Amino acid sequence: MRYQRRLQTAPPLGAEKEPMLDLLRAPVAQAIAQHLDLDLAEVMPLVIPPTKAGAGDLAVPCFALAKARKVAPPRLASELADTLASTIPGAQASAAGPFLNISFSPATVAGMLLPALADNPCVALRDDSGAGHSVCIDFSSPNIAKHLAFHHIRSTMIGNSLARIYQACGWDVARINFLGDWGTAFGRLIAGWKRENLSLSDLEAADDKVTFLNALYVRISTAAEADASVAEEARTWSKRLEDGDTEARELWQVFKDASLTEFHKVYGLLGVDFDSWKGEAYYEDKMAPVLAELESSGLLSKDDGASVVDLSAEGFKKPVLIKRADGGTLYATRDLAACQDRFNEFNFDRSMYVVDLGQGLHFGVGFAVAKKLDKPYADRLRHVGFGVVLMWDETEQAFLKGSSKKGRVLLLTDVLNESITRARAIVAEKNPELSDDEQNAVAHAVGIGAVVFNDLKNGRKGDVKFRYEDALNMQGDTGVYLQFAHARLCSIERRFASTCADAPAGDVQLLTRDDEKNVLLLIARMRDALRLTLDNDEPSQLAQALLQLAAGISSWLSAGSKDHSARVIGDDLAVSAARIRLVAAARATLGEGLRLLGLIAPERM
RNA sequence: GCGCUCGUAGCUCAGCUGGAAGAGCAGCUGCCUUCUAAGCAGCCGGUCGCAGGUUCGAGUCCUGCCGAGCGCGCCA
């Protein structure tokens, strides 16, 4: 509706769905289509952002068009350049060999973008493609009575970011933390607890309850190795726990609550929360229906006493194990039950598992079984995999897999706190005028942001090579870089508000600088980045686009330190008023982008 | 052996549906008396693992090699 007036002169294709960059693209494609007597749909994909820097705002490689017309590409390019120059106001077109390059005036771009951004400052990072749809996102999923290790940041922050991004695109999102809260380890813990005659107050007194439980686990495991009767005690408690023994269940609950207390501290630091905390234990008594269904559908067969589903027709070499020879259920069984449970509760249109790529086979077979059962949701399941974390080993001079024996294990909370500490020292040095509270808040935002952004900025499928100096770096392509650009924009807005209260409404015609246009185009391209992020479940697409936006902003703002006329706030109040509109748009876009990645954007730092 | 992920600058990586090789770090130059130098401007640095194929055009798609990481039944 809002674009109706424009549609009388510009073509409809893409304009409704893509009100940002395509507003520039469509008129170009239309003019070319008309000139060559082609369908608009054929031409649109040929109008692309140029890969070569300085080649303009849009480009059209003319190879295919020229071939169809049986002319040389450079000749067609210059022919089209002449056509466009006369048909599109505010645009300049030129041929560079076989490429047609198009540039718009800053005011033309601003006129198209700024009104939309004034209506909704986050419009560049909004999309309603998910409206009316729901998605389950399974992420983080740590094991009870163990620490969140550094590698947990991957699932936790990729999942958190995807949850926010799906939400921004209109999806109804359920964030699920599938806790690993079941297994024989708890029998051991209970046995140890009883042997040592521990009480709740012992646990309460511990600084870190998970550390307390870990230590207990190590002691009882050592004792069990030395003494067979201790091992027998542990087995007995495991059995009692499974059978629902009251005392066992109560202690199990104590351990779980204690672990969750520690988890919440870390999630609090990271700004992550969940809608569902159903863990493995919850599904213990909910697998019978799954087994019955598999049985009645004739999919189960026996293999060495165990029950399996054959998936050779689906291309899997080995069948998937559903029930152990001793009757116990397994990982796959539990996930099938959980999947059904989520469908019952959320009626999801998509269900995602943010779990490392090493589990690809597990999800592959699990999804295949759902399909064999003709589940309506079988095609809605996605494994969002990611690579492992490798730690820099000084003695080996190489990135190696984490190993507790070799001291290459880091706790997530330790890395985060170290980063905050480093950030605190830098804040104190750079901004001593900020209050202590403010310095602490900035150190938190910057310290956490550095670690989180370091994890999100690259494609999720690659292995993460972790080196302290790199992950905690506060210079270059980092989270801090984005936050700093955002804080500068906020600072200019504050100054404008206090010194230019009587400024007129900003007139986009006064935006004439190329660096201003560059920022506008970068904002417009956020839509493409958002779509790529969503299509590929890949937050790095958004992260990379934000880096480019921040670079454009930094370059623009820094121009003012040499050239007084380039400043946002200058002698000409009308120009300042126009530029502050761009500042506001850039600040809102950058701030929202940071939020979607799970970072905090301080207003001063 | 089979499967998955990958191989781009000294290091860490980006490169969207094929269209004109990009960042950051490290090294070297410049730039803070007025909107934040956690920054900006610039230099240096690449037969995109190798070989074929498809195409007007391949870092991108296909095949085969080589190399790395991870995974392949009664743990999760």
Side-chain angles (χ1 to χ4, degrees), chain A residues 45-46 48-53 55 59-64 66-67 73 96-99 101 141 143 180 182-184 280 303-308 315-326 328 330-332 334-335 356-362 364 385-388 390 399 401 423 426-427 429-431 446 457-459 461-463 465 467 469-470 473-478 480-481 483-485 487-496 499 528-529 531-532 535-536 538 540-541 543-544 547-548 551 554-555 557-562 564 567-570 576 579 583 604-605:
Chain A
L46 298 174
I48 57 172
T51 48
K52 189 175 175 179
V60 183
C62 296
F63 304 98
K67 193 181 183 189
F99 292 90
N101 293 325
S141 306
N143 290 325
W182 201 246
T184 54
E280 293 169 348
D303 192 341
D304 270 346
S307 298
V308 302
F316 294 98
K317 289 195 79 169
K318 293 183 179 176
V320 54
L321 214 61
I322 296 292
K323 196 163 77 172
R324 292 198 306 252
D326 68 5
L330 289 145
Y331 190 24
R334 208 144 27 223
D335 261 350
D356 74 273
L357 284 165
Q359 316 246 358
L361 186 59
H362 165 72
F386 53 82
V388 298
L390 304 173
F399 289 102
K401 201 183 176 189
I426 297 173
V427 179
E429 175 198 327
K430 302 211 180 254
N431 304 80
V446 165
K457 75 173 170 182
N458 293 326
K461 287 178 180 170
D463 291 344
K465 289 153 189 166
R467 198 189 259 146
E469 307 85 81
D470 296 341
N473 184 24
M474 309 276 171
Q475 287 180 337
D477 281 352
T478 63
V480 194
Y481 181 72
Q483 292 166 322
F484 184 65
R488 286 176 80 178
L489 293 166
C490 289
S491 171
I492 292 172
E493 283 190 293
R494 279 193 302 273
R495 180 172 288 252
F496 183 86
T499 61
D528 291 335
R531 181 170 297 171
L532 285 170
D535 288 351
N536 303 307
E538 185 61 272
S540 66
Q541 295 284 357
Q544 293 290 337
L547 282 172
Q548 289 180 30
S554 297
S555 180
L557 298 184
S558 296
S561 65
K562 276 198 164 180
H564 199 266
R567 289 182 171 239
V568 173
I569 301 168
S576 296
R579 288 178 179 168
V583 168
R604 61 182 92 217
M605 59 184 275

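By convention in this document, chain letters (A, B, ...) are assigned in the order of the sequence lines, proteins followed by strands, and residues within each chain are numbered from 1. Heavy-atom basis, side chains included; hydrogens, waters and symmetry copies ignored. A quick note: this is a predicted structure, and the numbers were derived from the prediction, not measured.
Here B:C50 sits opposite B:G64 as a Watson-Crick or G-U wobble pair (both hydrogen-bonding atom distances under 3.5 Å). Under the Watson-Crick and G-U wobble criteria, each requiring two contacts below 3.5 Å, nucleotide B:A41 is paired to B:U29. In this entry B:A14 has no Watson-Crick or G-U wobble partner, no candidate having both defining distances under 3.5 Å. With a cut-off of 3.5 Å on both pairing distances, the Watson-Crick or G-U wobble partner of B:C56 is B:G19. Base pairing of B:C4 is made with B:G69, judged by Watson-Crick or G-U wobble geometry with both donor-acceptor distances under 3.5 Å.
By the 5.5 angstrom centroid cut-off and the 30-degree plane limit, A:F99 is classified as not stacked against the base of B:G19.
As rounded to whole Å, 15 Å separates atom P of B:G71 from atom NE2 of A:H362. Taking atom CZ of A:F316 as the reference point, atom P of B:G73 lies 14 Å away to the nearest angstrom. Atom CG in A:N536 sits about 14 Å away from atom C1' in B:A14, given to the nearest Å. Residue A:L357 contributes atom CG, which lies 7 Å from atom C1' of B:C4 at whole-angstrom precision. A straight line from CG of A:D463 to C1' of B:G7 spans 12 Å, rounded to a whole angstrom. Counting to the nearest Å, the C1' atom of B:C13 and the CD atom of A:Q548 are 14 Å from each other. Nucleotide B:U5 holds its P atom 23 Å from the CZ atom of A:F399, rounded to whole Å. Distance, A:E538 CD to B:C6 C1': 14 Å, rounded to whole Å.
In this structure B:C32 sits in the syn conformation; its chi angle is within 90° of 0.
No engagement by A:L46 is indicated, since no non-hydrogen atom pair under 4.0 Å with the nucleic acid exists. Among the atoms of the strands shown, none is found under 4.0 Å from any heavy atom of A:V583. Looking at heavy-atom distances under 4.0 Å, A:K401 makes contact with sugar-phosphate atoms alone, never a base. Looking at heavy-atom distances under 4.0 Å, A:G459 makes contact with sugar-phosphate atoms alone, never a base. Residue-level contact check: A:R567 touches the bases, meaning some heavy atom is under 4.0 Å from a base atom. Across all strands, A:I569 comes closer than 4.0 Å to base atoms (heavy-atom distances). Nucleic acid contact class of A:F496 (heavy atoms, under 4.0 Å, all strands): none. Across all strands shown, A:P319 has heavy atoms under 4.0 Å from base atoms, whether or not it also approaches the sugar-phosphate.
Checked against B:C56, B:U5, B:A23, the side chain of A:K461 finds its nearest nucleotide in B:U5. Checking B:G71, B:C31, B:C25 against the side-chain heavy atoms of A:N473 singles out B:C25 as nearest. Each of B:C13, B:C16, B:C2 was ranked by its minimum atom distance to the side chain of A:N458; first place goes to B:C13. For A:I426, counting side-chain heavy atoms from C-beta on, the closest listed nucleotide (B:A38, B:C72, B:U12) is B:A38. Counting only heavy atoms from C-beta on, A:S491 has its side chain closest to B:C35 among B:C13, B:C74, B:C35.
Contact annotation: the side chain of A:S540 never approaches that of A:K461 to less than 4.5 Å [non-hydrogen atoms, C-beta and beyond]. A:V427 is not listed as a side-chain neighbour of A:V446, based on a closest heavy-atom distance of 4.5 Å or more. When side chains are defined from C-beta on, A:R495 does not count as touching A:I492, because their heavy atoms never get closer than 4.5 Å.
Side-chain N/O atoms of A:D470 and base N/O atoms of B:A26 include no donor-acceptor pair closer than 3.5 Å.
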